[in-house]
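Quick note on labels: first sequence line is chain A, next is B, and so on, each numbered from 1.
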There are 2 protein chains.
Amino acid sequence: MSSTGSPVSNDDDLLALDRQVCFGLAVASRSVIAFYRPILEPLGLTHPQYLVMLALWQGAPLKFKDLAAQLRLDPATLTPIVRRLERDELIERGRLEGDDRSFTLSPTEKGAALRQQALAVPSTVIERLGLPVEQLLALRDGLTDLIAAVDRAT
Amino acid sequence: MSSTGSPVSNDDDLLALDRQVCFGLAVASRSVIAFYRPILEPLGLTHPQYLVMLALWQGAPLKFKDLAAQLRLDPATLTPIVRRLERDELIERGRLEGDDRSFTLSPTEKGAALRQQALAVPSTVIERLGLPVEQLLALRDGLTDLIAAVDRAT
DNA sequence: TCCATCTTGTTTGTACACAAACGATAGTGT
DNA sequence: ACACTATCGTTTGTGTACAAACAAGATGGA
């Protein structure tokens, strides 16, 4: 109608593709997070909280600012997540000499102990999901490219 | 330490891969939605609202229940989104004979007119993103597989 | 008919996610 | 010392997202 005839070139086709990609991304993200929910629930962690603990288990202490950058989260989003993890005594603040505005975060003893349970999470997920690891790696690479493209374009 | 020596098989490697995939998915989803934000803002739509309008532009009237299923959203999440679109007079309810609990949704005249502006959204996104369409298609397929795997495993 | 049960959409409570404004501290120039 | 600016984390407001409880209508059997 309004196109020259080549495939995936008129507005309606683009609207459909757009719907598939951005919608698929949102659905996949929500689905996977929902898939983690019952697995993380016994640990007493939500998915964002799990990501925070993963970061701190890998390297602590970490400055609040650096943690926000690693997780690509707005500080305003991270603040309440950190507050709940502190309330649950899984992480704690450390002062930073030289700057009274900033602070660091580290797992408490309780938080460090939780890592042992968390080690079972990935294998549980991968096993229940039943996807070959190669496919997960390919997907990861595709997502990485997409994130890089967004960063470049912003 | 605890592994037989093959790559990507011990717990630490799995923890790292897990972090890359589920974290990458969450970041990609948030990044892309953020990327849409300034493009959708002139239309007065948030990203979920945009997805609702896409569904209704493609086929209306749609039963509330069917819309929730299409978008894979909990009805409790869809209710306030629909309320705001009604408040902005972009969609409206239609009664359904035979069942007073249920109702349908359709774009208003104003909502239908908005589609003309929305037609420019996908090309804008794809152009600014600068990724080849083939790569987007491949990513879509990977996401579709992942969603299917989650559905299968749930 | 009457009642138990099921559906359908809303409400309530908790937890992200981000923009904008804020308060407090740090650094910088004069 | 003093103002100016920049940085850091928090607060406030709006908008998802989902679990659990709910209210109202529909449905089926005794």
Report task. Could you tell me whether B:Ile81 contacts a base, only the sugar-phosphate backbone, or nothing, with contacts defined as non-hydrogen atoms closer than 4.0 Å? Result ->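 Sugar-phosphate contact only - B:Ile81 comes under 4.0 Å of backbone atoms but never of a base.
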
Query raised in the report: NA contact type, A:Arg84, heavy-atom cut-off 4.0 Å: base, sugar-phosphate, or nothing?
Result: sugar-phosphate

Report summary line: Residues of residues 58-69 of chain B with a heavy atom under 4.0 Å from any atom of DNA chain C, listed by number, are B:Phe64, B:Lys65

Round to a whole Å and report the spacing from [atom1] of [X] to [atom2] of [N].
{"X": "A:Arg95", "N": "D:dG9", "atom1": "CZ", "atom2": "P", "value": "10 Å"}
{"X": "A:Arg87", "N": "C:dT14", "atom1": "CZ", "atom2": "P", "value": "10 Å"}
{"X": "A:Leu96", "N": "D:dG9", "atom1": "CG", "atom2": "P", "value": "9 Å"}
{"X": "A:Arg93", "N": "D:dC8", "atom1": "CZ", "atom2": "P", "value": "16 Å"}
{"X": "A:Leu85", "N": "C:dT14", "atom1": "CG", "atom2": "C1'", "value": "15 Å"}
{"X": "A:Glu97", "N": "C:dT25", "atom1": "CD", "atom2": "C1'", "value": "17 Å"}
{"X": "B:Asp99", "N": "C:dG9", "atom1": "CG", "atom2": "C1'", "value": "11 Å"}

Query raised in the report: Counting just side-chain N and O atoms, does A:Thr79 come under 4.0 Å of either OP1 or OP2 of D:dT10?
Result: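 Affirmative; the distance criterion is met.
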
Query raised in the report: Is there a side-chain polar atom (N or O) of A:Arg83 under 4.0 Å from OP1 or OP2 of D:dT11?
Result: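 Yes.
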
Report task. Kindly state which residues belonging to residues 43-55 of chain B come within less than 4.0 angstrom of DNA chain D, counting heavy atoms of the residue only, listed by number. Result ->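 Under 4.0 Å from DNA chain D: B:Thr46, B:Pro48, B:Gln49.
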
Report summary line: Under a 4.0 Å heavy-atom cutoff, the residues of residues 101-108 of chain A touching DNA chain D are A:Arg101, A:Ser102, A:Phe103

Side-chain contact, heavy-atom cut-off 4.5 Å: [X] with [Y]?
{"X": "A:Leu67", "Y": "A:Val52", "answer": "yes"}
{"X": "A:Arg152", "Y": "B:Leu129", "answer": "no"}
{"X": "B:Leu62", "Y": "B:Leu56", "answer": "yes"}
{"X": "A:Ile126", "Y": "A:Leu131", "answer": "no"}

Please collect all ring-ring contact (aromatic ring centres under 6.0 Å, His included) contacts where either partner lies in [range], sequence neighbours excluded, each pair once.
{"range": "residues 114-146 of chain B", "result": "none"}
{"range": "residues 92-128 of chain A", "result": "A:Phe64-A:Phe103"}
{"range": "residues 104-150 of chain A", "result": "none"}
{"range": "residues 121-148 of chain A", "result": "none"}

Report task. Sequence neighbours left out, what pairs pass salt bridge (Lys or Arg N to Asp or Glu O under 4.0 Å) with at least one residue falling in residues 39-68 of chain A? Result -> none

Report task. For the pair B:His47 and B:Tyr36, name the ring-plane relationship: parallel under 30°, tilted 30 to 60°, perpendicular over 60°. Result ->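 Rings of B:His47 and B:Tyr36: perpendicular, as their planes differ by over 60°.
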
Side-chain atoms of residues 84-92 of chain A: list all donor-acceptor pairs with protein atoms under 3.5 Å, sequence neighbours left out, distances to 0.1 Å.
from: A:Glu86; atom 1: OE1; to: A:Arg93; atom 2: NE; distance (Å): 3.3
from: A:Glu86; atom 1: OE1; to: A:Arg93; atom 2: NH2; distance (Å): 3.4
from: A:Glu86; atom 1: OE2; to: A:Arg93; atom 2: NE; distance (Å): 2.9

Report task. Using a 4.0 Å heavy-atom cut-off, write out nucleotides 18-23 of chain C from 5' to 3' as B (base contacted by protein), S (sugar-phosphate only) or - (no contact). Result -> BB----

**Report entry** Point-to-point distance, once rounded to the nearest 0.5 Å, from CZ of B:Arg30 to OG1 of A:Thr77
**Finding:** 7.5 Å

Requested in this report: Go through the structure and list residues passing side-chain hydrogen bond (donor to acceptor under 3.5 Å, both in side chains) with B:Arg140, not counting sequence neighbours.
Outcome: A:Gln20

Query raised in the report: Taking only residues two or more places apart in sequence, or in another chain, which ones meet A:Asp151 in a side-chain contact (heavy atoms from CB on, under 4.5 Å)?
Result: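 Scan of A:Asp151 (side-chain contact (heavy atoms from CB on, under 4.5 Å), adjacent residues dropped) gives A:Arg72, A:Ile147.
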
